[in-house]
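Notes follow the structure.
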Amino acid sequence: MRAVVLVGGFGTRLRPLTLTTPKPMLPVGHRPIVENLVRMLAAAGVSEVVLGLGFKPEPFIAAFPDGECAGVRLHYAVEPEPLDTAGAIKFAAEHAGIDDTFVVVNGDVLTDLDVSTLIAFHRATSAEATIHLTPVEDPSAYGVVALAADGRVERFVEKPAPGTAPSNLINAGTYVLEPSVLARIPAGRKVSIERETFPSIVADGRLFAMSTDDYWIDTGRPEPYLRANLDMIDGVRRTLRADAVEEGARVNASARVAHSLVSRGAVVGADAVVEDSVLLGTAIVEDGASVRGSVVMGRVGRTASITDTVVGADGRVDDGAVLSHAFVPDPAAAK
Ligand code: GDD
Ligand code: MG
């Protein structure tokens, strides 16, 4: 079985982190999100993954230069211009010559779904496409479905206006598709699978969906990105668990690190405090600084104090500064 992982979006909602690193290359549990996804796919018997690349392809190729990740062969399909989700799936699938049932995953969702159960459900119906669903409280930021008792999708509506969603079951971003879906996607222009392709399959009665209560999170905004990381040390994932402080992180003996992930390469100075936070491998927290509820790729100066703040790779919090709910550098000012 082959799979396409969509990793070409701009990651706008995760700026400034994504000003330097594409979203699927950001770590969750010290591993790039895309590597977490490839491992999930490998567990379901996927032997080859096509990365649907667009924005910033180089970091992916640099991270997996031998075309392999977690024992799975990687193809790189680099779009000449962003083709949106369906356009990207078609481009990637044709690039790799996919001509059989295949799996698609959005490159920013993390789940404990056993993908082989979705494949089995797909095979048990007459589906042309099958979507994994998850229940959420506010479905308005997602693709929402109305589902018949047999699992047939009666309606698919992407990002409905608040209060108009037909249910609280949302598209969780993992699909099993027949190759005939590719023929529904016009070539050479942007096509959204959510806004065009799924509704066209619904019209033919051949879109099915399976809801599960497996762990699920879309890491595309700072708060869930932070939470996805903390979930890896809180014992929330079915089988996955990460070390809080990765080997190779340099944490001063007088610093206090509590309920946080600190990746290899990060530096935490004397008397610094890090709580409920994620320090990526390039982070430097200087002496006496405190970091709470924050994600740091850059530098937090001496005795500075940051809360619920995101510091990008080029971000530098001045010595002694006190910040709350801030983005450094400010993505609105960055280009
Ligand atoms: N290659 C490529 N080219 N990838 C793209 C492009 C493109 O033009 N546009 C988006 N992507 C990738 C993103 O990198 C991401 O991995 C995935 O497609 C989905 O895009 P998002 O921007 O994260 O979409 P979303 O989170 O607003 O909504 C999607 O995911 C929800 C679940 O998390 C939709 O599929 C919703 O229906 C769904 O509920
Ligand atoms: Mg998303």
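Counting starts at 1 for both ligands and their atoms, following the listed order. Worth knowing before you read on, the calculation uses all heavy atoms, side chains too, and leaves out hydrogens, waters and symmetry mates.
In terms of protein heavy atoms, atom 35 (O) of ligand 1 is closest to Glu194 OE2, 2.5 Å. Residue, atom and distance of the protein heavy atom nearest to atom 29 (C) of ligand 1 are Asn106 ND2, 3.6 Å. Given atom 33 (O) of ligand 1, the protein heavy atom at minimum distance is Asp218 OD2, 2.6 Å. Distance from atom 13 (C) of ligand 1 to its nearest protein heavy atom, with residue and atom name: Gly9 N, 3.7 Å. Among protein heavy atoms, the minimum distance from atom 15 (C) of ligand 1 is reached at Leu6 O, 3.9 Å. When hydrogens are left out, the protein atom nearest atom 4 (N) of ligand 1 is Gly8 N, 3.1 Å; that is the closest non-hydrogen contact. If you check which protein heavy atom lies closest to atom 36 (C) of ligand 1, you get Glu158 OE2, 3.3 Å. Among protein heavy atoms, atom 8 (O) of ligand 1 sits closest to Asp84 N, 2.8 Å.
Between Arg206 and Glu128 a salt bridge is recorded (basic side-chain N to carboxylate O distance below 4.0 Å). The pair Asp314-Arg299 does not count as a salt bridge, with every side-chain nitrogen at least 4.0 angstrom from each carboxylate oxygen. The existence of a salt bridge linking Arg256 and Glu275 is confirmed by a sub-4.0 Å separation between a basic side-chain nitrogen and an acidic carboxylate oxygen.
In terms of N/O distances under 3.5 Å, ligand 1 is approached by Gly52. Ligand 1 has an N or O atom lying under 3.5 Å from an N or O atom of Gly143, backbone or side chain. Between Trp216 and ligand 1, no N or O atom pair is found at a separation short of 3.5 Å. The distance criterion of under 3.5 Å between nitrogen or oxygen atoms is not met by Pro82 with respect to ligand 1. The shortest N/O to N/O separation between Gly107 and ligand 1 falls below 3.5 Å. Residue Asn171 places at least one N or O, backbone or side chain, under 3.5 Å from an N or O of ligand 1.
Note that OG1 of Thr212 is 9.0 Å distant from CG of Asp112, once rounded to the nearest 0.5 Å.
Annotation for ligand 1: atoms under 4.0 Å from non-hydrogen atoms of Leu83 are 8 (O). Atoms of ligand 1 lying under 4.0 Å from at least one heavy atom of Thr85, given by number and element, are 18 (O). The Ala88 neighbourhood of ligand 1 comprises atoms 1 (N), 2 (C), 3 (N), with distances under 4.0 Å to a heavy atom of that residue. Set against the non-hydrogen atoms of Val109, the atoms of ligand 1 under 4.0 Å away are 33 (O). Listed by number with element, the atoms of ligand 1 under 4.0 Å from a non-hydrogen atom of Lys23 are 23 (O).
In this structure, Arg13 is part of the shell of residues with a heavy atom less than 4.0 angstrom from ligand 1. The shortest separation from a heavy atom of Phe198 to ligand 1 is not under 4.0 Å, leaving the residue out of contact.
Only one option out of Val46, Val103, Thr130, Asp114 pairs with Ile119 in a side chain to side chain contact (heavy atoms under 4.5 Å, CB included); it is Val103.
Summarising the geometry of Ala70 relative to Arg39, their closest heavy-atom pair is CB-CG, 3.7 Å, with the distance given to 0.1 Å. Closest of all the heavy-atom pairs between Glu79 and Ala88 is OE2-CB, 3.1 Å. Looking at every heavy atom in both residues, Val4 comes nearest to Ala92 through CG1-CB, 3.8 Å.
For Arg250, the CZ atom counts as loosely surrounded, since its 6.0 Å shell holds 12 or fewer non-hydrogen atoms of other residues, nucleotides or ligands. Counting non-hydrogen atoms of other residues, nucleotides and ligands closer than 6.0 Å to CG of Asp150 gives a total above 12. Heavy-atom neighbours of Arg292 CZ from other residues, nucleotides or ligands within 6.0 Å: above the threshold of 12.
Using a 4.0 Å cut-off between heavy atoms, Lys159 contacts ligand 1 through its side chain alone, with no backbone atom that close. Contacts between Tyr175 and ligand 1 below 4.0 angstrom, taking non-hydrogen atoms only, involve the side chain exclusively. Proximity of Ile193 to ligand 1, defined as any heavy-atom pair under 4.0 Å, is not found for any part of the residue.
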- Can Leu280 and Val296 be said to form a side chain to side chain contact (heavy atoms under 4.5 Å, CB included), step by step? CA-CA 6 Å; Leu280 277 67; Val296 180; over 6 Å; no

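Checked by atom type, the side-chain pair Thr307/His325 shows no donor-acceptor distance below 3.5 Å. Checking Asp234 against His259 by side-chain atom types alone, a donor-acceptor pair falls below 3.5 Å.
For the side-chain hydrogen bond (donor to acceptor under 3.5 Å, both in side chains) test, residues two or more places apart in sequence or in another chain that qualify with Asp319 are Arg316. For Tyr175, the side-chain hydrogen bond (donor to acceptor under 3.5 Å, both in side chains) criterion is met by Asn171, not counting sequence neighbours.
By the rule that hydrophobic residues join a cluster once side-chain heavy atoms approach within less than 4.5 Å of another member, Val7 and Leu37 end up as members of one cluster.
For the Mg ion (ligand 2), the count of nearby protein N, O or S atoms, meaning those under 2.8 Å away, is 2.
The presence of a protein heavy atom under 4.0 Å from atom 1 (N) of ligand 1 is confirmed.
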Solution key, residues 239-247 side-chain donor-acceptor pairs under 3.5 Å, sequence neighbours excluded:
residue	atom	partner	partner atom	Å
Arg241	NH2	Ile233	O	2.9
Glu246	OE1	Arg264	N	2.8
Glu246	OE2	Arg264	NH2	3.4

